[in-house]
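Just so it is clear: chains get the letters A, B, ... in the order the sequence lines come, proteins before strands, and each one is counted from 1. Every heavy atom of this structure was used, including side-chain atoms; hydrogens, water molecules and symmetry mates were not.
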There are 2 protein chains.
Amino acid sequence: MTLTRDAVVDAAVDLLGEVGLEGLSLRRLARDLGVSAPTLYWHVADKRTLLDHVAERLLADQWRVIPLAPGEDWADWLRERAIAQFRALVAHRDAALVVAGNRPTEASLPAVEQVLATLIGAGLAPVDAFSTVQAVGNLVIGSAIEYHAERERPASDHGRPAPPDPQVYPHLAALRPALAERAGTPEDHEALFRHGLDLMIAGLRVSLATR
Amino acid sequence: MTLTRDAVVDAAVDLLGEVGLEGLSLRRLARDLGVSAPTLYWHVADKRTLLDHVAERLLADQWRVIPLAPGEDWADWLRERAIAQFRALVAHRDAALVVAGNRPTEASLPAVEQVLATLIGAGLAPVDAFSTVQAVGNLVIGSAIEYHAERERPASDHGRPAPPDPQVYPHLAALRPALAERAGTPEDHEALFRHGLDLMIAGLRVSLATR
DNA sequence: TAGCGTCCCTAACGCTGTTAGAGGAGGGGG
DNA sequence: CCCCCTCCTCTAACAGCGTTAGGGACGCTA
């Protein structure tokens, strides 16, 4: 069985999950595949385009077209799609960083078209629908990157940061106990993402109602 | 005049704007400062912590406390702050990527405290106010990163991507003329960011009204 | 059998972040 | 005056990086 480009991309996805974007080197990847490093250049033009393929694979599931069920609220439908996208980016280490460096791929067009159709069908102006798709995407990327960034750093920190002085920062200090237990957990980050997403969706509802 | 850490950080900020994050190497930075590369390690622990200082400098202006003017709408105030933050990240090449890798720094606490106070003063529950601050921050980061990512790539692209087939992608095809002229410009990205931000703010208004 | 495309190899280039260890300049105390 | 000590900078080097050049073994086709 000879090496294929798909196998290279598979191994790259695995390696990314194992060592993160900074640790993903072609030499290491080649070693995992039992092959020398320059061999990879036969299957892949470049490290950058390899990462493009990795990004495409990470999001592949998200490009499935899932039509709005009859009677289903478009907002619920949109929320579920966005959450699934967020989960896909959070599930794999540094996935958000890899995806962020990418041009939108051809494979995403059907899904984008369908979201556009649904939002326009709900009553949004086409240009607003397009802006909304991108804005939600930006929120997904930003939330996922922030999640990974927070996750990668704790080693460099010498202990926890000092608690905020209640005299100077009363609100921050008051929030501390509420945040302490769940801060940093994936559930917390997903809840945070949902909060922003729900704000956007509520805003969409308003802009639909006032047209 | 001997070298100081501030001077190193200044030069790093300049170099970042010139060559981007990928081109920012300690050797190149040292050369710009007329110094050998290992010398930098006297002033800075690490490349990573150097970038931390760079991030802090890039956002320094944003931590200024600007209180809500009497009679000013909290939403307008919040919007202006967020837009200023977005502009700061968009103005400097790869600024968003550098900032995204960072822990929140001590210097940001007064500003966060003040935003919390304003949102709570407007009637938001403290926990919701905190989530909102972070959600807006995530939207800022995501939008800015997407802006830079799009800006860095066009060299690798062989021409424009093919126009979407109107038969298969009617909505995308219909949008093409409207997007063609302004796509990619900083104004377009700021407008896109404002769209998402306004959705969130409209959502906030709703959640305030229904309490 | 000859040729050719496919797939992999070794060797090497110039770059990277980082460490080890030496040395010069300048000020303070004996 | 001289010595020491601290600050700051240096050269040399290490392991690792992405990438290119060029060669060699395999199997299919003519």
**Request:** Could you walk me through whether A:Arg48 and B:Glu22 pass the salt bridge (charged side-chain N to carboxylate O under 4.0 Å, His left out) test, one step at a time?
**Result:** CA-CA 12 Å; A:Arg48 179 63 251 176; B:Glu22 286 214 357; 5.9 Å; no

**Taking every non-hydrogen atom, the tightest pair across B:Ala96 and B:Ala144** = CB-CB, 3.5 Å

**Fill in**
note: A:Trp42, atom CH2; C:dT10, atom P; distance rounded to Å ~ 18 Å

**Asked** Can you tell which of C:dC9, D:dG18, C:dT18 lies closest to the side chain of B:Ala37?
**Response** C:dT18

**Complete:** Taken to the nearest whole Å, CG/B:Leu40 to P/C:dG17 is 10 Å

**Asked** Is the A:Phe193 ring parallel, tilted or perpendicular to the A:Phe86 ring (thresholds 30°, 60°)?
**Response** parallel

**Fill in**
Whole-Å distance, A:Lys47 NZ to D:dT19 P, equals 8 Å

**Asked** Rounded to whole angstroms, how far apart are CZ on B:Arg27 and P on D:dC17?
**Response** 16 Å

**Request:** Using atom CD of A:Glu22 as one end and atom P of C:dG17 as the other, report the distance to the nearest whole Å.
**Result:** 11 Å

**Request:** May I have the distance from A:Arg48 (atom CZ) to D:dG18 (atom P), rounded to whole angstrom?
**Result:** 13 Å

**Request:** Could you work out which one of D:dT9, D:dT11, D:dG18 sits closest to the side chain of A:Ser25?
**Result:** D:dG18

**Complete:** Considering only heavy side-chain atoms of A:Asp46, the closest of D:dT19, D:dT11, C:dG17 is D:dT19

**Request:** Mind checking B:Leu24 for me? I need base, sugar-phosphate or nothing, with any heavy atom below 4.0 Å counting as a touch.
**Result:** sugar-phosphate

**Asked** Looking at A:Leu124, A:Leu119, A:Val115, which hits side chain to side chain contact (heavy atoms under 4.5 Å, CB included) with A:Trp74?
**Response** A:Leu119

**Asked** In terms of side-chain heavy atoms of A:Tyr41, which of C:dT19, D:dG18, D:dC10 is nearest?
**Response** D:dG18

**Message:** Nearest whole Å is fine: how far is C:dT18 P from B:Leu29 CG?
**Reply:** 12 Å

**Message:** What is the distance, to the nearest angstrom, from the CG atom on A:Leu26 to the P atom on C:dT10?
**Reply:** 16 Å

**Item:** A:His43 side-chain proximity, nearest of D:dC10, C:dC8, D:dC17
**Value:** C:dC8

**Request:** Give a yes/no on whether any side-chain N or O of B:Thr39 is located under 4.0 angstrom from OP1 or OP2 of D:dC8.
**Result:** no

**Asked** Can any side-chain N or O of B:Trp77 pair as donor or acceptor with the backbone N or O of B:Ile66 at less than 3.5 Å?
**Response** yes

**Prompt:** Which comes earlier along DNA chain D counting from the 5' end, the contact point of A:Gly23 or that of A:Pro38, where each point is its nearest nucleotide?
**Reply:** A:Gly23

